[in-house]
Amino acid sequence: MPKPKIEPRLPKGMRDFLPAQMIKREYVFGIVREVFHLYGFEPLQTPSLELTETLMGKYGEDADKLIYNAKHTEGKEELSLRYDLTVPLARVVGQYQNDISLPFKRYQLSPVWRAERPQRGRYREFYQCDADIAGIATMQADAEVVSLVVTALKKLGFPQFVVKINNRKLLTAIGQYAGLEGEPLANLYRSIDKFDKVGADGVAKELRERGIADDIATKILALVTTKQPGTQQLDYVAGIMGDFEAGQAGIAELRDVARFLAELDVPAEHYEFDFTMVRGLGYYTGPIFEGVVTEPNLGSIMGGGRYDDLVGMFRGETIPTTGISLGIERIIDVMDILGLYPPGIGGTVLQVMVAVFGEDTRAASSGLAAELRAAGVRTELYMQDKGVGKQIGYADKKGIPVVALLGAEEIAAGTVKLKRLRDGAERVVARADAAAAVSELL
RNA sequence: GUGGAUGUAGCUCAAUGGCGGAGCUCUUGAUUGUGGAUCAAGUGGUUGUGGGUUCGAGCCCCAUCAUCCACCCCA
């Protein structure tokens, strides 16, 4: 074979998914879709490319630099690869006022692109699955999407995870409480967001390095890191933030979220109010969410929040909207590490392989394969001229659970011999019963 | 974008500046109606790329590219 002229390789941060991986991915996708349907969210698909003007300026300055330019060399339109699924949704809600009735509950499971430096759990092309509710201003919608992710993660088999809940308005009030605004305030947010990673001392140190006065830093840290069970956490902060209008508003929203979550029977162990959690995206206006698994720690596996003003950028009126985004890639990484796949999810979609003994029995084997397929059994017909031992070895390596053996003996008797590779169990059945017998052996 | 580490067979890795190796994988055979195990043989490489130092470079120096890690930021 001649040497390939082109070195086969991938763009930075992008991956191929070989069949064994795709089978697992599609299992995850399937569960997520199922749960989303259960909550009444319906599918939406938008193009990978958006007009650059649609995307720019929605995520904050830093993020704009991470947007892939996708303009054709001779194209007249300025195009970019989508950076998330939220802004395309806002565009859709703005664009199809006659076709969309509110509230609009949609989900979208699609790849997004970010030109970040790749790292563990960080890719330049990755799938997100967003579920959003446009047109509902009350916290019922926020509770609904939190309930949705909790159900989805439980259904996927995650043993322990927690959705952290905070509020942008409350963060604004904390800034007022600290007497900071603009860049110093942004730095404050960035620092306290690292609380989980670097601890109180680390945050205090960083605040000092960023020129935030010690007394302010101490005050903020005490406020933000005090842990109280459940809604007592809200009472505690309300006592301190009472003087700030934004603080009152933010706390009131969180109280509503808590109430609705309880009404929806969302287990208390799966959510908590955490005032150290900050989300970077610029468009959030109310409650914000972030889901984390502590073991293994691959960063957050979901994020979201309320963005009441974003749709207004694409529509004469503003439409209150809230939603969440599941980080499918990290969910899959965690599932791989924890082995959360059911036993049936193997390296193949096949259920049976029909072996071929020789040229004289090929027609019979082909016929059996046709019958099995007609009966809905996922069947591979062996296509090389190899010994039966090799054929079984091939099936085993590929993870095909059952091999159908059809030699001269079986043909003469009108039977099929089925061998289950997992334990070597063999059964001889009438050819007409082969499909049913395969299903029993699985 | 910033800093650090690493690039040798498909994969994981050895090799004092002196003849490029091992394990696994893969192919074939032992085994023409029964896989995984074992044994044997075989395929596989311009040592990421381009320069430089040297009698001689996988090894030292410079550049470049790629990957990983930590920042920044984020799913």
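Computation of the quantities below employed the complete heavy-atom set of this structure, encompassing side-chain atoms and omitting hydrogens, waters and symmetry-equivalent molecules. Numbers restart at 1 for each chain; the letters A, B, ... are given by sequence-line order, proteins then strands.
- Counting any heavy atom pair closer than 4.0 Å across all strands shown, Ala355(A) reaches no nucleic acid atom.
- In this structure, Leu405(A) reaches the bases: a heavy-atom distance under 4.0 Å links it to at least one base atom across the strands shown.
- The residue Lys398(A) sits apart from the nucleic acid: no heavy atom pair falls under 4.0 Å.
- For A14(B) and G51(B), the C1' atoms lie 28 Å apart once the distance is rounded to whole Å.
- Spacing of P atoms, U32(B) relative to C69(B), comes out at 49 Å, to the nearest Å.
- When every heavy atom of Ser147(A) is checked against every heavy atom of Leu264(A), the shortest pair comes out as CB-CD1, 4.0 Å.
- In the interface, the side chain of Gln391(A) is not paired with the base of U34(B) through any donor and acceptor atom under 3.5 Å apart.
- In this structure, the NZ atom of Lys419(A) is 11 Å from the P atom of G36(B), given to the nearest Å.
- G4(B) and C39(B): their C1' atoms are spaced 47 Å apart (whole Å).
- Defined by atom type and a distance below 3.5 Å, a donor-acceptor pair is missing between the side-chain atoms of Thr86(A) and Asp132(A).
- For the C1' atoms, the distance from G17(B) to C61(B) is 14 Å, rounded to whole Å.
- With salt bridges taken as basic N to acidic carboxylate O contacts below 4.0 Å, none links Lys58(A) and Glu50(A).
- Side-chain atoms of Tyr382(A) and Ser365(A) include no donor-acceptor pair closer than 3.5 Å.
- Base contact: Glu116(A) has a heavy atom under 4.0 Å from a base atom.
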(message) Once pairs are restricted to Watson-Crick or G-U wobble with both distances under 3.5 Å, how does RNA chain B read as a dot-bracket string, [ ] for crossings and | for other-strand pairs?
(response) (((((((..((((....[..)))).(((((.......))))).....(((((..]....))))))))))))....
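- The interatomic distance linking Tyr283(A) (OH) with C74(B) (P) rounds to 11 Å, in whole Å.
- Going from atom CD1 of Ile328(A) over to atom C1' of C74(B) covers 16 Å, rounded to whole Å.
- Under the 6.0 Å cut-off for aromatic ring centres, Tyr283(A) and Tyr307(A) qualify, their centroids lying closer than that.
- Spacing between atom CG of Leu66(A) and atom P of C74(B) amounts to 9 Å, rounded to whole angstrom units.
- With hydrogens and angles disregarded, a donor-acceptor distance shorter than 3.5 Å links the side chain of Arg168(A) to the backbone of Arg279(A).
- Remark: Glu272(A) engages no residue in a salt bridge (charged side-chain N to carboxylate O under 4.0 Å, His left out) (not counting sequence neighbours).
- Heavy atoms of Leu421(A) sit under 4.0 angstrom from at least one base atom.
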Just the atom pairs and distances: protein N or O near nucleotides 66-69 of chain B's N or O, under 3.5 Å.
{"residue": "U67(B)", "atom": "OP2", "partner": "Lys12(A)", "partner atom": "NZ", "Å": "3.0"}
{"residue": "C69(B)", "atom": "OP2", "partner": "Arg120(A)", "partner atom": "N", "Å": "3.0"}

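- Using a 4.0 Å heavy-atom cutoff across all strands shown, Gly121(A) reaches at least one base atom of the nucleic acid.
- Nucleic acid contact for Gly291(A): none, since no nucleic acid atom lies under 4.0 Å from a heavy atom of the residue.
- Counting any heavy atom pair closer than 4.0 Å across all strands shown, Tyr127(A) reaches no nucleic acid atom.
- Base contact: Glu410(A) has a heavy atom under 4.0 Å from a base atom.
- One can place CG of Asp84(A) at 11 Å from C1' of A75(B), the figure rounded to the nearest angstrom.
- Side-chain proximity of Arg330(A) to the nucleotides U28(B), G36(B), A75(B) is greatest for A75(B).
- In this structure, Phe126(A) packs face-to-face on the six-membered ring of A75(B), meeting both the 5.5 Å centre cutoff and the 30° plane limit.
- C62(B) and G7(B) are spaced 16 Å apart, taking the P atom of each and rounding to whole Å.
- Distances shorter than 4.0 Å separate some side-chain N or O of Lys397(A) from OP1 or OP2 on C26(B).
- In this structure, Gly387(A) reaches neither bases nor backbone, as no heavy-atom distance under 4.0 Å exists between it and the strands shown.
- Within 4.0 Å (heavy atoms only), Ser325(A) reaches no atom of the nucleic acid at all.
- Only the P atoms considered, A37(B) is 35 Å distant from U49(B), to the nearest whole Å.
- At whole-Å resolution of the value, CD1 in Ile392(A) and P in A37(B) are 15 Å apart.
- Aromatic ring centres of Phe29(A) and Tyr127(A): separated by under 6.0 Å.
- Here U32(B) presents its C1' atom at 14 Å from NZ of Lys386(A), a figure rounded to the nearest Å.
- Partner of Pro320(A) under the side chain to side chain contact (heavy atoms under 4.5 Å, CB included) criterion, chosen from Leu310(A), Thr285(A), Asp308(A), Asp309(A): Asp308(A).
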